[in-house]
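Remarks on the structure that follows.
Note that the coordinates shown come from a computational prediction; the quantities given were computed from them, not determined experimentally. Order of the sequence lines sets the chain letters (A, B, ...), proteins ahead of strands, with each chain counted from 1.
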Protein chains: 2
Amino acid sequence: MTTKATSIDIAYRAGVSQSTVSRALRNSPLVNEETRLRVQAIAKELNYKVDKNASNLRTQSSLTLALLLCEDPTNDDSLINPFFLSMLGSITRATAQQGYDLLVSFQQLSSDWHADYEDSNKADGIILLGYGDYMDYEEKLNKLAAQNTHLVIWGPAQHKSSVLSIGCDNRQGGVLATEHLLAKGRRHIAFLGDASSHSPEFQARYLGHQQALKAAGVPLQKGLQVDAISTESSGFEAASQLLAQKRPFDAIFAASDLIAIGAMRALKEQGIKVPEDVAIVGYDDIPVASFANPPLTTIKQNTKLAGEILVESLLKQIKGQEVSNQLIPTSLIERESCGKKL
Amino acid sequence: MTTKATSIDIAYRAGVSQSTVSRALRNSPLVNEETRLRVQAIAKELNYKVDKNASNLRTQSSLTLALLLCEDPTNDDSLINPFFLSMLGSITRATAQQGYDLLVSFQQLSSDWHADYEDSNKADGIILLGYGDYMDYEEKLNKLAAQNTHLVIWGPAQHKSSVLSIGCDNRQGGVLATEHLLAKGRRHIAFLGDASSHSPEFQARYLGHQQALKAAGVPLQKGLQVDAISTESSGFEAASQLLAQKRPFDAIFAASDLIAIGAMRALKEQGIKVPEDVAIVGYDDIPVASFANPPLTTIKQNTKLAGEILVESLLKQIKGQEVSNQLIPTSLIERESCGKKL
DNA sequence: CTGAAAGCGCTTACAG
DNA sequence: CTGAAAGCGCTTACAG
């Protein structure tokens, strides 16, 4: 193994032309079966692999997808949102299943990631996984779409945006959570999470919450909504603030599991029992949820399916097929934070 | 933006040759400052990006690293070991920092991953992150090393292997854990984790445990070691088995946080209090650890540093520089599962 | 079924 | 400082 074998080496050994080698290796029906087998045997023996740079250059495609994880710059610790990590896993798998490679990159929202990957022919398309506040980069996104970049983003579809979006149905998840709490007999349900348009996901969950309340004829109490971002400490803060209000409540719908866990800590410190005094539902079903105390009932986003759809849609777009935004349904995972199963 | 601009388009507009464009874009000192600026301005205007396939083909390098995550096939759910996820994050960052791209791939140990990436010129080198039992693929690894593949693996250095290894100092971590338990006055310390050579990491931790015991003059009780793999349920099983033995113990050193958490569940179910009755130390410091109840004291592996060293070493190897195996020190994170801080 | 040839878009000696 | 030319290793019309 001194130097890498090329198709010419194989051609020489097999006594055929380099073109034939290329055809044989790609299983072209044009080439004689016997020749093909001979060529393939020699290729295997020499441990030959097609040079991707050469073939990509020639075919002008890369069989590679780029995944851009846009992180919240505030959180500069090497800690990644566990939900994203789970998405990363499923996207990697789905990409491999389709015979593509995956280039992964972490980006600050601020940086000039726009199209670097596709423009330089490193990837055929881009998947963008970003945090909450899409408004910041909506402009960039639209510009990209206008340039015919192949791009799919994870998240709620934006009204004015023409970018292909795949996301979970946050409103439906919100409905599910609140319906569950209602079914457990709770009537004073607090919502922990930013409900402004800067967090479209959380906002949609809150909207679902309101919808379920309305459907059940239970009045919404605005005072029971407290802002929080998706961290344990923010959840702790929000719950403490809620408690300080002295406004009675018997349940919490937390916009994320991390918030729920922080909230549970705050409740425990004040001697409030979960689920006896306050029932609680989270959102995401991150691994920690099942280890919480008590194990957390939560809304699960199907990351496996999401990854598959993301990759599938992007590939369709690349091939010029019709694609449309999709909303993936969520499901409720019942554990013990809302009391005994019904 | 109809079609992608090439260096020829720029040459045409700038009124220079394509060679000069190439030089100007690479900031070659050979080219006149004024020309360079003009060319770069036009490139920017046309949104030009160097075609990676072409330049890689020409230079025979890819500025890309491949990360192979070899998963335990038993665990076919989309759940990835949280520790690996954390490594993935830090490797991605370290790679980007060095100006390289990262190709990520999940592999079954069984599959023929060997060198696909480097052989096909998609990557300049490979980082292998695998689960416990390296013996299964040691042969493959040695073959690769013999082929001059640029490769670095995460894990304990193997005696007979010539493969570059970077890993945490598991023995030292074991010493740390047991010393801490000893300092808390515990004398009957159980060890939960496979201590055979099939799990070299766990085995090294167990060896560290023994070493600390010996240094303190506390006799090792072999009966207090129970096998477990790194899952919550296996930890639960192991602790249950330990309890069933009726051999008294006042502390547990779990070979991983997941095992520790499962063990805590088993203890709780039997009404045994942590840390009053039994103190417990885990290993890894995965995110769940701090949310456990009580928060888990554990041995932290510095994944940020590990990722950096992994990438750095691989790059050195690629450049033909001297490299050697490295052991990264661990540290103890004290929380509440061993009682009050001293 | 097979071969000779062009060309993907760069980088880099070589000559001036 | 600049240009003409070769060549990285493939794929694929084109001709036979």
Could you check whether A:Arg26 gets within reach of a base, just the sugar-phosphate, or nothing at all, counting any heavy atom under 4.0 Å?
-> sugar-phosphate

Separation of D:dG7 atom P from A:Leu57 atom CG, nearest Å, is 17 Å

When A:Arg36 and B:Ser19 are each assigned the nearest nucleotide of DNA chain C, the 5'-most assignment goes to A:Arg36

Can you tell me if CD1 on A:Ile8 sees more than 12 non-hydrogen neighbours from other groups inside 6.0 Å?
no

Worksheet item: Under 3.5 Å, side chain of B:Arg38 to main-chain N/O of B:Ala14, donor-acceptor pair present?
Response: yes

**Asked** Looking at A:Gln60, does any N or O in its side chain come under 4.0 Å of the phosphate oxygens OP1/OP2 on C:dG9?
**Response** yes

Judged by nearest nucleotide, the residue sitting upstream toward the 5' end of DNA chain D, B:Val16 or A:Ser22, is B:Val16

To the nearest angstrom, the NZ-P distance between A:Lys52 and C:dG9 comes to 18 Å

Under a 3.5 Å limit on both distances, the Watson-Crick or wobble mate of C:dA13 is none

Note: B:Lys304-B:Glu308 ion pair, threshold 4.0 Å (strictly below): yes

Among the nucleotides C:dT2, C:dC10, D:dG3, whichever has the atom closest to the side chain of B:Ser7 is C:dC10

Result for 5'-nearest mapping on DNA chain C, choosing between B:Thr20 and B:Ala54, is B:Ala54

Scanning all shown strands, the Watson-Crick or wobble mate of D:dA4 with both distances under 3.5 Å is none

In whole angstroms, the gap separating C1' of C:dA4 from CZ of A:Arg23 amounts to 10 Å

Whole-Å distance, A:Tyr48 OH to D:dG9 C1', equals 7 Å

To the nearest angstrom, the CG-P distance between A:Leu63 and D:dT11 comes to 11 Å

| message | OP1 or OP2 of D:dG9 versus the side-chain N and O atoms of A:Arg58: is any pair under 4.0 Å? | response | no

Within a reach of under 6.0 Å around CZ of B:Arg13, are more than 12 heavy atoms found that belong to other residues, nucleotides or ligands? no

ask   = Using a cut-off of less than 4.0 Å, is there contact between a side-chain N or O of B:Thr6 and OP1 or OP2 of C:dC8?
value = no

Notebook entry, point to check: Under 4.0 angstrom, heavy atoms only, what part of the nucleic acid is A:Ser55 near: base, sugar-phosphate, or nothing?
Noted result: sugar-phosphate

Taking atom C1' in both D:dG16 and D:dT12, compute the distance separating them and give it to the nearest angstrom.
16 Å

message = Would you say CD of B:Glu34 has more than 12 non-hydrogen atoms from neighbouring residues, nucleotides or ligands within 6.0 angstrom?
response = no

Need one value for A:Thr59: base, sugar-phosphate or nothing, where a base atom within 4.0 Å counts as base even if backbone is also close, heavy atoms only. sugar-phosphate

Between CG of A:Asn27 and C1' of C:dC1 the distance, given in whole Å, is 16 Å

